[in-house]
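Pasting a structure here, questions to come.
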There are 4 protein chains.
Amino acid sequence: MKHSEIKQHIINTASDLFYANGYNATGINEIIAKAGIAKATLYNHFRTKDDICIAYLKYKHTYFMVALRNYIEGKPKGKFQLLGIFDFLKEFYKDPSFNGCWCIRTIAEIPAENVEIRNEIQNQKQELLSFLREVVTKNIQNLSNAEAEKITNGLYLLYESAVSESHLHQSDWPIFSARDVGAQLIA
Amino acid sequence: MKHSEIKQHIINTASDLFYANGYNATGINEIIAKAGIAKATLYNHFRTKDDICIAYLKYKHTYFMVALRNYIEGKPKGKFQLLGIFDFLKEFYKDPSFNGCWCIRTIAEIPAENVEIRNEIQNQKQELLSFLREVVTKNIQNLSNAEAEKITNGLYLLYESAVSESHLHQSDWPIFSARDVGAQLIA
Amino acid sequence: MKHSEIKQHIINTASDLFYANGYNATGINEIIAKAGIAKATLYNHFRTKDDICIAYLKYKHTYFMVALRNYIEGKPKGKFQLLGIFDFLKEFYKDPSFNGCWCIRTIAEIPAENVEIRNEIQNQKQELLSFLREVVTKNIQNLSNAEAEKITNGLYLLYESAVSESHLHQSDWPIFSARDVGAQLIA
Amino acid sequence: MKHSEIKQHIINTASDLFYANGYNATGINEIIAKAGIAKATLYNHFRTKDDICIAYLKYKHTYFMVALRNYIEGKPKGKFQLLGIFDFLKEFYKDPSFNGCWCIRTIAEIPAENVEIRNEIQNQKQELLSFLREVVTKNIQNLSNAEAEKITNGLYLLYESAVSESHLHQSDWPIFSARDVGAQLIA
DNA sequence: GATGAATGAGAGTTCATTCAT
DNA sequence: TATGAATGAACTCTCATTCAT
């Protein structure tokens, strides 16, 4: 295995564990055991556990944004693209590994003063907002900036709660409800 | 101090620490040091740390529901009661100790198999949903059951994301956006 | 309940627990919970946990010596009295609460410097030796002192290992073997 | 120090303490302090304290069986081999660290449901029985199986009580008495 | 570049005993 | 005399990280 492959292998392994069981609950020993590498090998690739956390967040986000973009761009223009994020979530929710939002989960586990991780999370959400703004402006004509902002923020908030609450209630009703309200929002 | 007073004193102390710094990040030693009691005293009142967690969640919830109910019932009927939860959150957000939703924060920290804490959290959210349903049916006439459910769920989801996202983005824009969408929902 | 009755009630309760689960494994809290008394009540009757231990040993011993004496005196003179201790043990072994010798069990749990408990245990064994010597001299005629001592010590040692080893191996073969050797010893 | 050396160093240290002061009375902190290692180092070598207990029992047993076998094989055939175990014990008893049988001591301290340790102890005693059976059949001609079994069990029981009782009474008379009875048994 | 044993600090929990009521 | 909440010390065990090889 090449250097960069090992690094990615560590990230994959850690991601599965962090996302499934939580950041604090997952120990370094568990990661190296599942990855099949030595402890110092891990520390040759990452300075601290927090660094692995950031790599995990970035990995999840990149993968997610690509999948989301592909999904929505594959839908017919209009309503199906605007509400595509909820339909995408319906698929995502069915995945047995679905466990809510990694950002929300992680931010709850780190101390408030950990700015590095907080920044990464905020940036990811800003990027999601940018993407949604793009989808909104592409699919609704003649919108004022204020209207675009309102709809974008609304869809974003509804999506975020649909993720959190479907996980919390262990049910998909929040996804359907969020989509309903979203449909009214873009009408 | 009486027995029950000490118990409440422990809950208060632990609540502040859990809510501010997280459940796993807060150790028993920190709680007893801040509460000024011996370790075994704490364990005379609570069987395990998880039991303190449940007491913390219940305490936060009880306090919150009373304050929310009082706030909304003090508003004029109609729009101001229906959107009152967002106005309440604006006040709540200004509190320097505001740190997002204790349920969402806690659920991210405990293992999936911890059913006792999960149940407590789900029950709290169900109670909030019940309260919102009550507000909706009291303030909007001639609603079908389906319409009442849709509006209730919508307000609930918007409120939940307003809490999470204002905390995540360290800004109150999600509260205003959520209120805007809520206003359209009940129009 | 009278003062002395409470004391005996504590001893009974503690004895069952000490004998079944061990001295160190049995906590004060377990004793008072099972006895249904307050903690300070226990400490009004006993200065320390070690004092309860001594009371437990004395209680077991007294009960045991009376039962053993009655059993042997109820047998026909000769072989049946001389080997009666093994037959008695066969009954004792069948008792579901049988758990080996309280002396051996207890001496393994206390520090070497605890002379009070050690003395009590040594005295109990001396008393058992005295009783056996009495049985031997009463049932075998024309014994020299040396012969009486040899047989007494032999029966004692065989009995002691029959207790220990039947418990250790969870089987009654040591009792039968010990009786066989004892039979040869008195032949 | 090599890895296996440290492990053996831990076993040696823990064995001395367990055997001298008891299993429950000896804390992890005492072991690491005397061994001069860090707590986590100990836990890198042993999963739990119970695992150290088993290593202690095995270590004692191995050392003991080798010494016993050498001692007996060094004696002239016949009576001196058959009763060699008692002569061996006389030497063993003189050792200032003599503190009775580690099996009997340990079994008194662990809960009944601890099968792992119980099994180890029962196996050790079975191995001692096998060895004694071997000595008996090698040194007495023309024995029926039943006779061999009777003598083996008798010697075993006498040896076991000689260990326990010399320790309990802090005197070597039980060893001499046991040898006397053993001599009669093989006569 | 890779290893894995060793670490110090800290985790949550339980103990026998005391003392104000 | 009886209570039971409060205590300090001790318990077993785990953590992320370092360093000699």
Side-chain angles (χ1 to χ4, degrees), chain A residues 1-3 6-7 23-33 36-53, chain B residues 1-7 10 23-32 35-53, chain C residues 1-3 6 23-33 37-53, chain D residues 1-7 10 23-32 35-53:
Chain A
M1 238 190 279
K2 272 189 297 182
H3 185 93
I6 291 196
K7 182 154 192 170
Y23 177 61
N24 286 317
T26 303
I28 291 286
N29 287 322
E30 203 178 347
I31 297 172
I32 61 165
I37 57 164
K39 197 172 284 191
T41 302
L42 184 146
Y43 277 94
N44 281 338
H45 289 275
F46 297 96
R47 227 173 22 88
T48 65
K49 194 189 177 194
D50 276 6
D51 281 5
I52 310 177
C53 184
Chain B
M1 234 192 282
K2 273 189 299 184
H3 186 212
S4 63
E5 287 173 342
I6 292 212
K7 182 155 192 168
I10 294 171
Y23 177 60
N24 287 315
T26 304
I28 291 286
N29 288 320
E30 202 177 348
I31 297 173
I32 62 166
I37 57 167
K39 201 173 280 195
T41 302
L42 183 146
Y43 277 94
N44 281 340
H45 289 274
F46 297 95
R47 227 171 25 85
T48 63
K49 195 191 177 194
D50 275 6
D51 280 6
I52 309 177
C53 183
Chain C
M1 237 192 280
K2 273 190 296 184
H3 185 93
I6 291 196
Y23 177 60
N24 286 316
T26 303
I28 291 287
N29 287 321
E30 201 177 349
I31 298 172
I32 61 166
I37 58 164
K39 196 171 284 191
T41 301
L42 183 146
Y43 276 94
N44 282 339
H45 289 275
F46 298 95
R47 225 169 28 81
T48 65
K49 195 189 176 193
D50 275 5
D51 282 5
I52 310 177
C53 184
Chain D
M1 233 190 282
K2 272 189 296 183
H3 186 211
S4 64
E5 287 174 343
I6 292 210
K7 182 154 193 169
I10 295 171
Y23 177 59
N24 287 316
T26 303
I28 291 287
N29 288 321
E30 201 176 347
I31 297 172
I32 61 165
I37 56 166
K39 199 173 284 191
T41 301
L42 184 146
Y43 277 95
N44 281 340
H45 288 274
F46 296 96
R47 228 172 23 86
T48 64
K49 194 190 177 192
D50 274 6
D51 280 6
I52 309 178
C53 184

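Numbers restart at 1 for each chain; the letters A, B, ... are given by sequence-line order, proteins then strands.
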As a check on the pairing definition, encode DNA chain F in dot-bracket form, counting Watson-Crick and G-U wobble pairs whose two distances are under 3.5 Å, and using | for partners outside this strand.
.||||||||||||||||||||

Can you tell me if H45(C) touches the phosphate of dT1(F), counting only side-chain N or O atoms and a distance under 4.0 Å to OP1 or OP2?
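False: H45(C) side-chain N/O out of range (4.0 Å or more) of dT1(F) OP1/OP2.
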
Mark yes or no for whether K7(B), through its side chain, and L42(B), through its backbone, hold a donor-acceptor pair below 3.5 Å.
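Not at all, since once roles are kept as given, no pair shorter than 3.5 Å links the two residues.
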
Could you grab the distance from atom OG1 of T48(B) to atom CG of D51(B), nearest 0.5 Å is fine?
3.5 Å

How far does NE2 of H45(B) sit from CD1 of I52(B), to the nearest 0.5 angstrom?
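So the NE2 of H45(B) and the CD1 of I52(B) are separated by 10.5 Å.
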
Scoring nucleotides 14-21 of chain E by protein non-hydrogen atoms under 4.0 Å (B base, S sugar-phosphate only, - none) yields BBSBBB--

Round to a whole Å and report the spacing from CD1 of I37(B) to C1' of dA9(F).
16 Å

How close or far is atom C1' of dT13(E) from atom CZ of F46(B), stated in whole angstroms?
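Result: 15 Å.
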
If I take atom CD1 in residue I31(B) and atom P in nucleotide dG12(E), what distance separates them, rounded to the nearest angstrom?
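That distance rounds to 7 Å.
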
Whether the N24(B) and Y23(A) side chains hold a donor-acceptor pair (N or O, under 3.5 Å, no angle test) is what I'd like checked.
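Note: N24(B) and Y23(A) side chains miss the donor-acceptor criterion.
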
Are F46(D) and I31(D) side-chain neighbours, meaning at least one heavy-atom pair lies under 4.5 Å?
no

State the CD1-CD1 distance between I6(B) and I37(B), to the nearest 0.5 angstrom.
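The distance works out to 7.0 Å.
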
Between K49(D) (side chain) and G27(D) (backbone), is there a donor-acceptor pair under 3.5 Å?
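Flag not set: sc K49(D) to bb G27(D) has no pair under 3.5 Å.
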
Would you mind reading off the distance between L42(A) atom CG and dA16(F) atom P, rounded to a whole angstrom?
11 Å

Rounded to whole angstroms, how far apart are CD1 on I32(B) and C1' on dG10(E)?
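To the nearest whole Å, that distance equals 13 Å.
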
Mind checking what makes side chain to side chain contact (heavy atoms under 4.5 Å, CB included) contact with Y43(A), not counting sequence neighbours?
I28(A), K39(A)

Taking only side-chain nitrogens and oxygens of T41(C), does any of them come within less than 4.0 Å of OP1 or OP2 of dA2(F)?
no

